Structure formats: C-alpha cells, structure tokens
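Everything below concerns the one structure shown next.
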Amino acid sequence: MSDILETIVARDPNEKEFHQAVQEVLETVQPVLDRNPEYRRSAVIERITEPERVILFRVPWVDDQGQVQVNRGFRIQMNSAIGPYKGGLRFHPSVNLSILKFLAFEQVFKNALTTLAMGGGKGGSDFDPKGKSDNEVMQFCQSFMSELCRHIGPDTDIPAGDIGVGAREIGYLFGMYKKLTNEFTGVLTGKSLGWGGSLIRPEATGYGCVYFASEMLATKNDNLEGKTCLVSGSGNVAQYTVEKIIELGGKVVTLSDSSGCIYDEEGIDKDKLSFVMRLKNLRRGRISEYIDKYSEAVYTEADSTLDYNPLWSYKADCAFPSATQNEINGKDAQNLVNNGVQLVAEGANMPSTPEAIDIYLDNKLLYAPGKAANAGGVAVSGLEMAQNSMRLNWPREEVDNRLKIIMKSIHQSCIDAATDYGQQGNYVAGANIAGFVKVVNAMLDQGLV
Ligand code: NDP
C-alpha cells in the first residue's frame, strides 16, 4: 500500500493535507483489501484517490473602490459511484487544491455513511469574506457562480456551505444560478427556509455531532449530563454544538475564532450563546468581544509561536473541535488526556493530526472522526434535496428525528465494521471501512469508468 501512497505523493508533492487524509484511510482499509483480493486487482485504491474531475477557474470581480480583484475558484468532483457529487463550498484565504482534495476525499466516505445516495465533492475559493461588504460578497458570488453553473445541477453536483459560506453566500449563489439557467431547482443546499431550505439544516452538523457523542457515551452507560465540554470555533458548527450540549445538560466552557479563544468557567448558557450568535452571524464580530459583555470570562489571543493551543489545556470531560483542520496536534491531544478528557467528537473536518489520533487511541478515548461525527450536516442536506424533489417541507420534528436515526445508524455502522475487522471500539477504522466498502462495491458494479 505504501507504493500507492508514494505514487500519490510523487505526483502532487505539495498536497500535504490530501496525503494526510489518504494515508489515514489506506492504513485502516488494509484488512479489507487483504480479505477481498478483487479490490486490489481492480485498482480501487488508485481509482478512489484520483478525482473524477477537477475544475479550476478565474473569478474576477470589482470591489467597492472600483478595483478589479481576481480570485481562484475550484470544484473537485471526487466520486459519483453512489450518487451525484455533494459537498460544501469553502471561502477562506487558505483554500488551495490540497485542502479541497482532502475535503472531497473525506466527503466520499462521509456521504456513504449517511445511508443516502450522495457522491462526494468539495469546492470553494481563496476569497476571504471577512471584512468585505455585502455588495462585495455578492459581486464575488455572482462571478463565482457564472462559471460554476456549467458544472453543477440538481442531479449532477449539489454544493452547500462550509467555512465562510453561510446563508448569505448561498442566497447570492442560488440567485445567480437561477438567473443563468432560468430554473428554480434544488441545486444548492443550506438555502433559506422561505425558498427551498430545510428546517434543521443550520443546526444539523452541530446537533448531529452531539447525537453521535451521546451514542458513544451510551455504549458506556453514560451521557452528557453534567459533563464539561471544550468547543472550538464559533461559527455554524460550534454554535449548534453548544446549543445541543446545553440542552442535554452539559456545560460548555470555551469558544474561539482565528484570533483567539475564550474560557468561561461558569459555562456558556443559552443567553450567552444567543449573544455569540448575534455577534457572529449578524454583526460579524470577533469572539474577543465576549469578555466585554461577560467579564468573568478570560480571552487568550492566538499565538502562532506556541506549539500548542491553549483552548485544549482546560480541564474537561469532552472535546468538540469545530473550527478547522489540524487544530489539535500531538501536544494538544496529550493536554486533553492529562486534563481528563474522555471523548473527542469532531465537528470540523480532520481537526486532529495523525499524532493526536494515535494519542486518543493509545489512551482509549471515545474518539469520533469527522467523517462520522459531522455527517449530520450533509445528511440533512440530502433530506433538503429529497424535500425539493417532492416540492414539500417536512416539519422540524420530522427532520430532527430523521437526523437522529441517521446518526444512530452511522454509529452502528462504525461499530459493526470495526468489529467485523477485529478493531472493536475503533471508530476511525469503523468509519473508513464502512464508507469504503459501500463506495468500492458500487464502483466495481459500474465497471471501469
Ligand atoms: P464557519 O465559517 O461558520 O465557522 C468557522 C469557525 O472556525 C470560525 O469561528 C472561524 O474563525 C474558525 N476558523 C476557521 N479557520 C480557522 C483557522 N485557520 N484557525 C482558527 N480558527 C479558524 O464554518 P463552519 O462552522 O461551517 O465549519 C467549521 C468546520 O466544520 C470546518 O472544518 C468545516 O469543514 C466543518 N463542517 C461544516 C459543516 C457545515 O454544515 N457547515 C458540515 C461538516 C463539517 P474566523 O471567523 O476567525 O475565521
């Protein structure tokens, strides 16, 4: 297997995030390949690690000063074996081919786990919405969609939000798609409720992650009641993770953004969370402003010279990384273990480095990788697609119940696959194996395409 990884690295030596994601999957699916020699004969690894299509395009737009700006747009159509490409768009200055390929690759397995018919894709741009006016964001989104619209469609590729792409951006993107194609169709998910969105979609990733954590705790006859939790980020996933933890009786003591983190020993209650939601979603402010309002909390500025993140050094029972990739390194993971954390559920995609994951597994933590724990977002996107196709809207309870059932089923698939391959309790192996087998069997059924 190392020869395949070497080829992938040699072909695209600068794609370190993609290599990291591939390596993790290859290590865990080795026993599946050993048991199924036809997989090796059919070169499924070589095929599944190569995107079906990569689209890279120029995005020119005019800022409020009348200056022309040029960004780069991407869409990775990774795998369509079990359904149309599905995955979010990320607008962040760090976006590049490596990050989007890793996200698209993870998405393939995640979508397979949801039980819904969705292939994997991901896209975005190095455009930074932070500090831009609404008009600039709209100009950018319209230019971005004027190219992307040729490559997507409700039965081809259905993008959604991710970092930097929320309800505002989805609105501008959808409006431009509709104008260009003259079709009102479910081509994007995460739409607003009044024009095709689904109830519970904004909440789905955070709620789903907490449902998954509850399932893991239930295997130990435990639950979130009274548990102290660390949450990173303060965007969509973090906000609804906090909301659900509070509802289930847990106490959240941290939040962050790229500038720093806050620690509130008394706990972030419902009122404090409403403040954060207004601060982040309406005023687009910084998390540092939390301590202006709640002086009992402490703010620590991000410091890139440190080799650890202070957010992961507080005493707690559970950790919910919900910001970005590789936000927990080996030292952070050791800090979590030393401070009593027994469960890590990843709301973000690949927030833990390989060293961190080894530490979780060595210390027998309940550890849920993002592709299982944060699959609730794309699952409810799938339910949004179903409602769009039927021209119906399901009530909140119905979508929430379906989300719970899906998270329970993903949890069970991870347990079953891990047990089947002698790795009881290892959710990394379980998620990778269950997703891999489903996608690879579909690829083999469909021939060499
Ligand atoms: P948002 O843009 O709503 O929020 C992202 C949060 O993470 C912000 O607080 C942001 O801070 C912080 N952040 C982003 N980049 C960095 C960085 N490099 N260093 C430190 N902090 C950073 O995004 P989401 O909440 O939607 O996404 C968060 C994570 O969850 C991502 O990994 C995403 O891929 C994953 N995810 C999201 C899903 C969804 O449905 N939205 C579904 C599944 C996974 P700042 O404002 O300073 O940038």
Side-chain angles (χ1 to χ4, degrees), residues 17 21 86-96 99-100 102-104 106-107 109-111 113-114 120 122-124 128-131 159-170 188-190 197-198 200-209 212 231-242 254-262 276-277 279-281 283-290 301-304 309-312 320-329 332 345-352 368-382 384 403 407:
E17 291 86 0
K86 179 91 196 91
L89 296 171
R90 176 175 290 191
F91 293 168
H92 192 273
S94 63
V95 160
N96 58 34
I99 289 180
L100 293 181
F102 114 64
L103 288 165
E106 295 258 302
Q107 195 83 44
F109 303 97
K110 181 189 309 193
N111 293 4
L113 289 170
T114 64
K122 200 83 188 187
D128 188 359
K130 241 180 272 156
D162 190 73
I163 291 179
V165 179
R168 173 182 61 171
E169 290 75 16
I170 293 290
L188 290 158
T189 56
S198 173
I200 300 285
R201 176 60 189 91
E203 294 89 338
T205 308
Y207 279 18
C209 186
F212 196 96
V231 176
S232 63
S234 49
N236 172 269
V237 177
Q239 292 170 14
Y240 289 104
T241 296
V242 176
T254 59
L255 280 173
S256 68
D257 59 24
S258 50
S259 311
C261 68
I262 58 114
V276 171
M277 287 181 167
L279 171 73
K280 284 286 170 185
N281 307 345
R283 289 176 34 218
R284 299 188 188 274
R286 308 303 297 158
I287 200 67
S288 57
E289 293 169 54
Y290 184 96
E301 206 159 302
D303 180 354
S304 58
N309 180 346
L311 188 148
W312 307 119
F320 292 84
S322 310
T324 195
Q325 63 274 358
N326 291 329
E327 56 171 313
I328 302 185
N329 63 22
D332 295 318
E346 295 183 339
N349 284 310
M350 208 170 77
S352 306
K371 60 172 84 69
N374 71 34
V378 72
V380 174
S381 275
E384 183 174 329
L403 171 62
M407 296 315 296

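No hydrogens, no waters, no symmetry mates; every other heavy atom, side chains included, goes into these values. Owing to the predicted nature of the structure, the values given are computational and were not obtained by experimental measurement. Ligands are counted one by one from 1 in listed order, and the atoms in each one are counted from 1 as well.
Although no hydrogens or angles enter the test, the distance criterion places no donor-acceptor pair under 3.5 Å between the side chain of Asn349 and the main chain of Leu103. Under the 3.5 Å distance criterion, the side-chain polar atoms of Asp162 are left unmatched by any main-chain donor or acceptor of Phe91. Although no hydrogens or angles enter the test, the distance criterion places no donor-acceptor pair under 3.5 Å between the side chain of Glu346 and the main chain of Lys371. Looking only at distances, no side-chain donor or acceptor of Asn374 sits under 3.5 Å from a matching main-chain atom of Cys209.
From the protein, the heavy atom lying nearest to atom 14 (C) of ligand 1 is Ile163 CD1, 4.1 Å. Shortest contact from atom 4 (O) of ligand 1 to any protein heavy atom: Gly235 CA, 3.3 Å. Nearest protein heavy-atom contact of atom 20 (C) of ligand 1 is Ser258 CA, 3.5 Å. Summary of contacts: the protein heavy atom closest to atom 34 (O) of ligand 1 is Asp162 OD1, 2.6 Å. Nearest protein neighbour of atom 32 (O) of ligand 1, counting heavy atoms only, is Asn349 N, 3.2 Å. Nearest protein heavy-atom neighbour of atom 37 (C) of ligand 1: Val237 CG2, 3.4 Å. When only non-hydrogen protein atoms are considered, atom 31 (C) of ligand 1 lies nearest to Ala323 O, 3.3 Å. Looking only at protein heavy atoms, the nearest one to atom 46 (O) of ligand 1 is Arg286 NH1, 3.5 Å.
Heavy-atom separations between Arg201 and ligand 1 include at least one value shorter than 4.0 Å. Look at Gly166 and you'll find every heavy atom at least 4.0 Å from all atoms of ligand 1. At least one heavy atom of Lys130 sits under 4.0 Å from some atom of ligand 1. At least one heavy atom of Ser256 sits less than 4.0 Å from an atom of ligand 1. Within the 4.0 Å heavy-atom shell around ligand 1 one finds Ser234. Note on ligand 1: Arg90 sits in its first shell, one or more heavy atoms being nearer than 4.0 Å.
Polar contact check, Lys110 against ligand 1: no nitrogen or oxygen pair lies under 3.5 Å apart. Residue-to-ligand polar distances keep Lys122 apart from ligand 1: every N/O pair is separated by 3.5 Å or more. Checked against a 3.5 angstrom limit, the closest N/O atoms of Gly233 and ligand 1 fall outside it. Of the polar atoms of Gln325, none of the N or O atoms is found under 3.5 Å from an N or O of ligand 1, judged by distance alone.
The backbone of Ser322, and not its side chain, has at least one atom closer than 4.0 Å to an atom of ligand 1 (non-hydrogen atoms only; backbone = N, CA, C, O).
Atoms of ligand 1 lying under 4.0 Å from at least one heavy atom of His92, given by number and element, are 15 (N). Within ligand 1, counting atoms from 1 as listed, the ones closer than 4.0 Å to a heavy atom of Ala348 are 29 (C), 30 (O), 32 (O), 35 (C). Set against the non-hydrogen atoms of Gly347, the atoms of ligand 1 under 4.0 Å away are 30 (O), 35 (C), 36 (N), 44 (C). Near Gly164, meaning under 4.0 Å from one of its heavy atoms, ligand 1 places the atoms 2 (O).
The closest side-chain heavy-atom distance from Glu203 to Leu403 is not below 4.5 Å. Side chains of Glu289 and Arg283 form a contact here, defined as non-hydrogen atoms less than 4.5 Å apart. Two residues are said to be in side-chain contact when any heavy atoms from C-beta on lie closer than 4.5 Å; Ser288 and Glu301 fail this criterion. In this structure, the side chains of Leu255 and Lys280 stay at 4.5 Å or more apart for every pair of heavy atoms. When side chains are defined from C-beta on, Trp312 counts as touching Ile328, because their heavy atoms get closer than 4.5 Å. Using a 4.5 Å heavy-atom cutoff, the side chains of Arg286 and Ser258 are in contact. With a 4.5 Å cut-off on side-chain heavy atoms, Phe320 and Ser232 do not count as touching. Here the side chains of Glu106 and Gln325 are not in contact, with every heavy-atom distance at 4.5 Å or above.
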Stepwise side chain to side chain donor-acceptor pair (under 3.5 Å) test for Asn281 and Gln239: CA-CA 10 Å; Asn281 307 345; Gln239 292 170 14; 2.9 Å; yes
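For the residue pair Arg201 / Ser381, a side-chain donor-acceptor distance below 3.5 Å is found, with atom types taken as modelled.
Scanning Asn236, Thr205, Leu311, Thr324 for the heavy atom closest to atom 43 (C) of ligand 1 points to Thr205.
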